[in-house]
Amino acid sequence: MKIATWNINGVKARIDNLLHWLREAEPDIVCLQEIKSVDEQFPREPIESLGYHVETSGQKGFNGVAILSKLRFDEVTRGLPGNDADEQARFIEGVFSTKTGALRVVSLYLPNGNPVASEKFAYKLGWMERLEGWTRARLALEEPLVLAGDYNIIPEPADAKNADAWLDDALYQPESRQAFRRLTNLGMTDALRSVSDQPGVYTFWDYQAGAWQKNNGIRIDHLMLSPEAADRLSSTSVQKHTRAWEKPSDHVPVVVELAA
DNA sequence: ATGGTAGCCGTGCTA
């Protein structure tokens, strides 16, 4: 079972790349972020033609998440609970039936939070607090759970080419990193980190200032696994080659393979 | 080096 996350940075602008990658990598479940599309405009037909079921939570212009799955959805839930005033499309949960039981997969797009001295950073921290509460409740189910997405968090210095350059950035604030660690402390496993703690594994390279050419990247796209999912983790992969494609997203897909 | 690029949608906002 191959489960992927990819911040696509505009699904309509990226549809050719997405279809090419789906054919090449053949993932079973794909979590997309920043689809930047309303649900009605999401290019679902060519994706469905490749054998995927499609569930979206979009909004106009920015944000928006989706899950593509070769398995049928048993349940779909949109939105992270805990703030009725929050209208940003950043969270969608799908439940699937596998040979070994239920599998829960979330596609999340955590707020960027910049600039730090703004209500945007407070929104980010509030969102993370809600995510922590949601995760604690879901962990009580003792099911395989994959929380996949763009966390907009650099967990450790080794997750940036030049961590010092991010000291004033919301992605690398102590509060952001602490909130990420709280997910780990609840029992969630950072899939990539658990396979290797080698530095220099990045998932995002800015379009600006030749970041890709200089390998000036950061690791901010994460798949967090419940114990029941982590027990089945067999491999991980960062699909770095897609960053060199024509019209690339600034993020690349990250894939985990779970046994059975 | 306080710029630079990209998407969406409309001439600004978000990242």
Side-chain angles (χ1 to χ4, degrees), chain A residues 5-21 30-44 46-47 56-66 80 85-91 107-128 131 148-155 159-173 175-177 179-180 202-222 239-240 242-254:
Chain A
T5 183
W6 193 6
N7 180 320
I8 197 80
N9 189 22
V11 70
K12 296 190 289 281
R14 212 76 60 211
I15 185 63
D16 290 345
N17 278 7
L18 175 59
L19 294 172
H20 188 262
W21 184 73
V30 182
C31 298
L32 298 178
Q33 301 87 37
E34 283 207 88
I35 63 174
K36 295 185 175 180
S37 171
V38 294
D39 295 340
E40 295 73 25
Q41 301 295 324
F42 189 96
R44 57 168 52 242
I47 297 169
T56 63
S57 179
Q59 71 180 90
K60 185 174 175 174
F62 60 109
N63 298 331
V65 290
L80 178 63
D86 185 0
E87 296 184 340
Q88 299 193 30
R90 298 179 173 277
F91 187 97
S107 178
L108 66 87
Y109 177 46
L110 220 143
N112 175 295
N114 279 304
V116 172
S118 74
E119 70 290 342
K120 291 183 180 178
F121 190 59
Y123 173 64
K124 176 178 195 151
L125 296 182
W127 208 93
M128 297 192 72
L131 180 64
D150 177 358
Y151 282 69
N152 270 314
I153 294 172
I154 302 165
D159 297 314
K161 178 72 177 296
N162 179 14
D164 286 351
W166 297 88
L167 282 171
D168 295 327
D169 196 286
L171 278 61
Y172 195 58
Q173 289 306 293
E175 295 93 330
S176 308
R177 297 174 57 199
F180 186 83
Y202 309 132
T203 65
F204 168 91
W205 296 260
D206 202 291
Y207 290 121
Q208 304 179 71
W212 168 244
Q213 287 74 12
K214 292 186 269 190
N215 194 30
N216 183 17
I218 52 177
R219 189 175 75 96
I220 56 174
D221 299 275
H222 308 298
Q239 303 278 292
K240 190 174 177 179
T242 63
R243 187 62 178 79
W245 286 356
E246 291 289 316
K247 271 191 68 137
S249 170
D250 41 5
H251 298 248
V252 299
V254 183

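A, B, ... follow the sequence lines: proteins, then strands. Residue 1 opens every chain. Please read all numbers here as calculations on a predicted model, not as lab measurements.
- If A:Pro111 and A:Lys214 are placed on DNA chain B by their nearest nucleotide, the residue sitting closer to the 5' end is A:Lys214.
- Between atom CG of residue A:Asp206 and atom NE2 of residue A:His251 there is a gap of 9.0 Å, rounded to the nearest 0.5 Å.
- Taking every nucleotide of DNA chain B with any atom under 4.0 Å from a non-hydrogen atom of chain A, the first and last of them, 5' to 3', are B:dG4 to B:dA15.
- B:dA15 and B:dG4: their C1' atoms are spaced 13 Å apart (whole Å).
- For the ring-ring contact (aromatic ring centres under 6.0 Å, His included) with A:Tyr151, the qualifying choice from A:Trp127, A:Phe204, A:Tyr109, A:Phe180 is A:Phe180, the only one to do so.
- Within 4.0 Å of A:Tyr109, counting heavy atoms only, lie sugar-phosphate atoms of the nucleic acid but no base atom.
- Among A:Thr5, A:Asn7, A:Asn9, the single residue meeting the side-chain hydrogen bond (donor to acceptor under 3.5 Å, both in side chains) criterion with A:Asp150 is A:Asn7.
- At distances below 3.5 Å, not a single donor-acceptor pair connects side-chain atoms of A:Lys120 with backbone N or O atoms of A:Pro111.
- Using atom C1' as the reference point in both B:dT14 and B:dC9, the two lie 13 Å apart (nearest Å).
- Place A:Arg90 and A:Val38 on DNA chain B by their nearest nucleotides, and A:Val38 ends up nearer the 5' end.
- Comparing B:dT2 with B:dC13, their P atoms sit 23 Å apart, to the nearest whole Å.
- The distance from atom CZ of A:Arg90 to atom CG of A:Asn152, rounded to the nearest 0.5 Å, is 8.0 Å.
- For A:Trp245 and A:Trp21, the ring centers are positioned 6.0 Å apart or more.
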